[in-house]
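Computation of the quantities below employed the complete heavy-atom set of this structure, encompassing side-chain atoms and omitting hydrogens, waters and symmetry-equivalent molecules. A note on names: the letters A, B, ... follow the listed sequences, proteins ahead of strands, and every chain is numbered from 1.
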Amino acid sequence: MPKLKRTHTCGELRKKNVGQEIILSGWVHKWRDHGGVIFIDLRDREGITQIVFGRQESSGVRAKELETLARKLRAEYVISVAGKVAPRPEGTANLQLPTGEIEVLPEEVEILNKAKTPPFEVSDQVDVSEEVRLKYRYIDLRRQKMQRNLFLRDRVCKATRNFFDEHGFIEVETPFLTKSTPEGARDYLVPSRLNPGSFFALPQSPQLFKQLLMVGGIEKYFQIVKCFRDEDLRKDRQPEFTQIDYEMSFTDEKDVHSITEELMVRVFKEVLKIDIPLPFPRLTYEESFRRYGTDKPDVRFAMELKEISDIAEKSEFKIFKEALKKNGIVCALNAKGLAETSRKELDELKEMAGDCGAKGLAWMKMTDKTFQSPITKFFKQEELDAIAERAEAQKGDLLLFVADKAKIVYDALSKLRTFLGERLNLIPRRALDLDYLFSEQRKISVEPSFFSFVWIVDPPLFEYNEEEKRWSPVHHPFTSPREEAFPFLEKLTELPKDMEEVSQVLSRAYDLVLNGHEIGGGSIRIHQRDLQEKIFQLLKIPPQEVKEKFGFLLESLGYGAPPHGGFAFGLDRLVMILTGSSSIRDVIAFPVTQKAFSPLTNAPSAVSERQLKELHLKLEK
RNA sequence: GGGGACGUAGUUCAGACUGGUUUAGAAUGCCGGCCUGUCAAGCCGGAGAUCGCGGGUUCAAAUCCCGUCGUCCCCGCCA
């Protein structure tokens with residue numbers, strides 16, 4: 001049982017505490033031994049306080065004992081210090097530290113635990129590979145940056161819970177041991193001991209349960225909940241991740257959008273202390289592709305794509321005309337002021353476009369009033385002028401062109417747009433300084449313009465999957481089509497591949513995009529059994545499978561399901577953006593590597609023969 | 001499933017292209033000594049590396065070749 005019980009944290013002592021007898025507990029952060037005087041920086045999660053051994057005032061046998069003890073202290077020892085708060089001598093205050101005007105003169109020191117030399121320093125300045133950080137995550141978490149990330153994440157959750165509580169939503173838990181569904185990502189499976197040969201699946205999202213809660217009359221539900229998807233990882237994708245999930249009855253897009261916007265206002269106000277403007281701008285899915293080439297545009301800067309198919313059509317440039325003949329399009333991107341781009345850099349851009357499937361990247365440099373380009377000779381002057389006008393090109397600009405199928409053109413140019421936006425410093429790319437959030441001044445240093453939200457609405461209901469040779473839902477199969485499509489869909493019994501009208505059917509889904517990241521999405525759901533069955537039929541899910549996998553949902557829709565809809569945020573991505581982190585791994589306490597392996601626990605790992613047997617499982621040799 | 005980058009003291013990197021003066025080097029951390037005001041403390045000294053692993057080429061391999069494992073980034077995938 002430790003003798004010393006802490007009275008203060010290492011972040012709170014100030015001049016006004018001078019003279020008080022206090023007790024601090026924490027980790028030895030740094031020590032500086034000057035021979036006659038020894039400084040210990042004591043750290044806990046609230047801050048750092050300097051302890052001084054051997055100051056002139058202290059002398060005698062006791063002081064010598066303490067000094068001897070202090071020399072034994074090492075980095076990351078866990079200690080308690082009882083002592084008196086003293087002002088620092090004239091001229092030795094450290095203004096970098098909130099506690100920098102005082103120091104503690106120890107009277108007693110208790111070592112609560114020794115520590116081996118840590119594999120890396122507990123400091124934000126020190127570079128450590130992610131693998132080492134994950135293996136020693138409990139040390140990594142002591143670093144201020146990680147602590148702040150987790151504190152901030154906690155505040156987001158707290159603000160979210162308060163917000164939903166005040167708006168009449170109740171938090172309901174849904175099962176983790178549930179049913180595998182055919183659509184969507186791969187499931188994580190859990191074998192059932194009591195039901196040989198049967199498996200639970202961990203939920204990819206609580207989608208079906210939240211709909212059942214609406215049928216159950218809960219009306220307003222929310223949950224901060226883990227979801228599981230067994231797909232390949234990225235810096236913004238972990239196999240288990242957290243959603244802020246909610247659903248409402250008797251609702252429409254307008255309600256869902258406004259509650260979502262208000263939630264964001266609340267979170268940004270409470271967490272970052274800034275006001276974000278409402279309402280968020282709205283782009284249709286079609287418009288988003290047309291102007292930015294993507295359904296998750298970064299609208300912090302303009303630099304929009306300009307289609308020039310009509311001009312290219314009239315020109316003599318075969319490559320453009322060939323693409324158009326194959327039902328393709330030609331688009332231009334104006335890289336303002338980059339006419340000086342070197343051949344080598346152009347090749348790099350071309351390669352980037354090539355990664356997206358583009359067969360080439362045409363360019364024109366605007367010099368004075370003329371064009372410098374290998375392809376100008378294929379264009380008449382008035383065509384060049386038309387292009388320049390369309391692209392709003394001026395002297396010094398660089399125009400980039402891709403001609404191909406729309407998907408490839410959009411893919412390539414949106415990628416180039418993002419790249420060039422960064423290159424041209426069009427994005428307010430100031431290091432997110434979160435210090436103010438944790439300091440006493442609470443001085444605002446984060447501008448609302450750092451955060452650009454945009455709604456992407458009216459996506460198509462179906463898209464054709466070339467690989468599987470069938471239509472699949474753009475959002476998920478429970479998304480309601482827009483009402484005007486009902487008669488069209490009712491007439492159909494299947495979706496022919498080349499039926500243009502199918503891709504024109506719009507859905508009542510919506511995504512929320514922040515700074516080019518998709519941070520959430522949702523939809524108004526189908527609440528009529530007939531329509532839901534129709535959709536399954538059109539998606540060519542065999543009736544037997546529909547009954548097996550979704551029977552309970554269809555059944556529930558037959559017992560008085562209210563119209564309902566909702567939304568789900570990717571909490572990890574949201575917190576990643578709020579903290580200015582470059583990976584969601586930095587806002588998750590215990591993430592896994594790209595192979596979904598934990599260097600900390602060594603999970604996943606083999607299990608005993610006996611466990612397998614109990615679960616009625618045999619491993620392939 | 002595919003493409004790319006990387007793997008060398010505890011940690012972060014250099015050395016590799018062009019094999020041999022390399023006894024594999026630096027910084028930081030670690031250990032010891034000196035030092036009464038530091039806060040990236042300073043000065044002096046010291047320890048610390050199966051060069052990811054396996055195989056091959058060669059008189060000789062951290063260095064070249066093949067395989068393999070791991071980490072990160074990207075494409076596919078992620079309703």
* Nearest to side-chain heavy atoms of A/Q594, which nucleotide of B/rG37, B/rC72, B/rU12 -> B/rC72
* Candidate list A/R229, A/R573, A/Q594, test side chain to side chain contact (heavy atoms under 4.5 Å, CB included), partner A/R237, passing option -> A/R573
* How long is the line joining CG of A/D236 and C1' of B/rC77, in whole Å? -> 13 Å
* Less than 5.5 Å between centroids and less than 30° between ring planes, does A/H34 satisfy that with B/rG37? -> no
* Integer angstrom distance from the P of B/rC69 to that of B/rC78 -> 26 Å
* To do: Between B/rU21 and B/rU11, how far apart are the P atoms? Round to whole Å, please.
  => 27 Å
* Counting N and O atoms only, with roles assigned by atom type, does the side chain of A/R137 sit under 3.5 Å from a partner on the main chain of A/A589, one being a donor and the other an acceptor? -> yes
* Structure fact -> Assert: residue with more 5' nearest nucleotide on RNA chain B, out of A/Q207 and A/L233, is A/L233
* Asked: According to the Watson-Crick and G-U wobble definitions, with both distances under 3.5 Å, which nucleotide is paired to B/rU28?
  -> B/rG10
* Asked: With both distances under 3.5 Å as the test, what is the Watson-Crick or G-U wobble partner of B/rG67?
  -> B/rC53
* To do: Round to a whole Å and report the spacing from CG of A/D511 to P of B/rC78.
  => 15 Å
* Asked: Closest to the A/A185 side chain: B/rC78, B/rG37, B/rC30?
  -> B/rC78
* For RNA chain B, whose closest nucleotide is more 5', that of A/Q50 or that of A/D33? -> A/Q50
* Asked: Does a salt bridge link A/D586 with A/R143, judged by any charged N lying under 4.0 Å from a carboxylate O?
  -> no
* With no hydrogens and no angle check, is any side-chain donor or acceptor of A/T49 less than 3.5 Å from a backbone partner on A/C10? -> yes
* Nearest-angstrom distance from the residue atom CD1 of A/I38 to C1' of B/rC34 -> 13 Å
* To do: Scan A/Q125 against the nucleic acid and name what it touches under 4.0 Å (heavy atoms): base, sugar-phosphate only, or nothing.
  => nothing
* Asked: Across the strands shown, which category fits A/V126 at heavy-atom distances under 4.0 angstrom: base, sugar-phosphate, nothing?
  -> nothing
* Listed nucleotide nearest any side-chain atom of A/R237, set B/rC77, B/rC39, B/rG37 -> B/rC77
* To do: Quick one: look up who B/rC72 pairs with, Watson-Crick or G-U, both distances under 3.5 Å, and put none if it's unpaired.
  => B/rG4
* **Base-pairing mate for B/rU58 - Watson-Crick or G-U, with both contacts under 3.5 Å** => none
* To do: Could you measure between the two P atoms, the one in B/rC30 and the one in B/rG10, and give it in whole Å?
  => 15 Å
* Structure fact -> A/F53 atom CZ is separated from B/rU36 atom C1', nearest whole Å, by 15 Å
* **Ion pair check, A/K296 and A/D511, cut-off under 4.0 Å** => no
* Under-4.0 Å side-chain N/O to phosphate OP1/OP2 contact, A/R74 with B/rC31 -> yes
* Side-chain N or O of A/T593 less than 4.0 angstrom from OP1 or OP2 on B/rU71? -> yes
* **Nearest-Å distance for atom pair OH/P, residues A/Y136 and B/rU12** => 11 Å
* Asked: Quick one: the side chain of A/E121 and the base of B/rU28, do they pair up donor-acceptor inside 3.5 Å?
  -> no
* Structure fact -> Of B/rU12, B/rU71, B/rG37, the nucleotide closest to the side chain of A/T92 is B/rG37
* B/rU36: pairing nucleotide in any strand, Watson-Crick or G-U under 3.5 angstrom -> none
* To do: In whole angstrom, give me the gap between the P atoms of B/rC73 and B/rC53.
  => 25 Å
* Selection from B/rC72, B/rU38, B/rC77 that lies nearest to any side-chain heavy atom of A/R585 -> B/rC72
* Taking OP1 and OP2 of B/rA41, is either one under 4.0 Å from a side-chain nitrogen or oxygen of A/K30? -> yes
* To do: Round to the nearest Å and state the distance from A/K135 atom NZ to B/rG52 atom C1'.
  => 14 Å
* To do: Using the P atom as the reference point in each nucleotide, state the distance between B/rG45 and B/rA62 in Å, no decimals.
  => 31 Å
* May I ask you to decide if the ring planes of A/Y246 and A/F567 are parallel, tilted or perpendicular, using 30° and 60° as cut-offs? => tilted
* Integer angstrom distance from the C1' of B/rG55 to that of B/rA14 -> 28 Å
* Asked: Which nucleotide, B/rC31, B/rC39, B/rC78, lies nearest any side-chain atom of A/W31?
  -> B/rC31
* A/A93 near the nucleic acid: base, sugar-phosphate alone, or nothing, with a heavy-atom cut-off under 4.0 Å? -> base
* From the options B/rU12, B/rC75, B/rG37, select the nucleotide whose nearest atom is closest to the side chain of A/R234. => B/rC75
* Between B/rU36, B/rU12, B/rU38, spot the one nearest the side chain of A/V37, thanks. => B/rU36
* Would you kindly give the CD-to-P distance between A/E231 and B/rC78, to the nearest whole Å? => 6 Å
* **B/rU22 and B/rG70, which share atom name P, separated by this distance in whole Å** => 36 Å
* To do: Would you kindly give the CG-to-P distance between A/D41 and B/rU38, to the nearest whole Å?
  => 14 Å
* Is there a side-chain polar atom (N or O) of A/S129 under 4.0 Å from OP1 or OP2 of B/rC72? -> no
* Looking at every strand, decide which applies to A/P89 at a 4.0 Å heavy-atom threshold: base, sugar-phosphate, or nothing. => base
* Which of the following nucleotides, B/rC78, B/rC39, B/rU71, is nearest to the side chain of A/R88? -> B/rC39
* **Span that lies between the C1' atom of B/rC44 and that of B/rG7, in whole angstrom** => 35 Å
* Structure fact -> Among the nucleotides B/rC73, B/rG37, B/rU11, whichever has the atom closest to the side chain of A/E103 is B/rG37
* Sugar-phosphate, base or nothing in reach of A/F39, heavy atoms under 4.0 Å -> base
* What about A/D355, does its side chain sit under 3.5 Å from the base of B/rG3 through a donor-acceptor pair? -> no
* Counting only N and O atoms by type, is there a donor-acceptor contact under 3.5 Å from the side chain of A/Q532 to the main-chain atoms of A/P477? -> yes
* To do: Assess whether one donor atom and one acceptor atom, taken from the side chain of A/D127 and the base of B/rC13, lie less than 3.5 Å apart.
  => no
* What orientation do A/Y136 and A/F120 show, parallel under 30°, tilted 30 to 60°, or perpendicular over 60°? -> perpendicular
* To do: Taking atom CZ of A/R88 as the centre, report whether more than 12 heavy atoms of other residues, nucleotides or ligands fall under 6.0 Å from it.
  => yes
* Asked: Under 4.0 angstrom, heavy atoms only, what part of the nucleic acid is A/E131 near: base, sugar-phosphate, or nothing?
  -> sugar-phosphate
* Asked: Quick check: are there more than 12 heavy atoms from other residues, nucleotides or ligands sitting under 6.0 Å from NZ of A/K179?
  -> yes
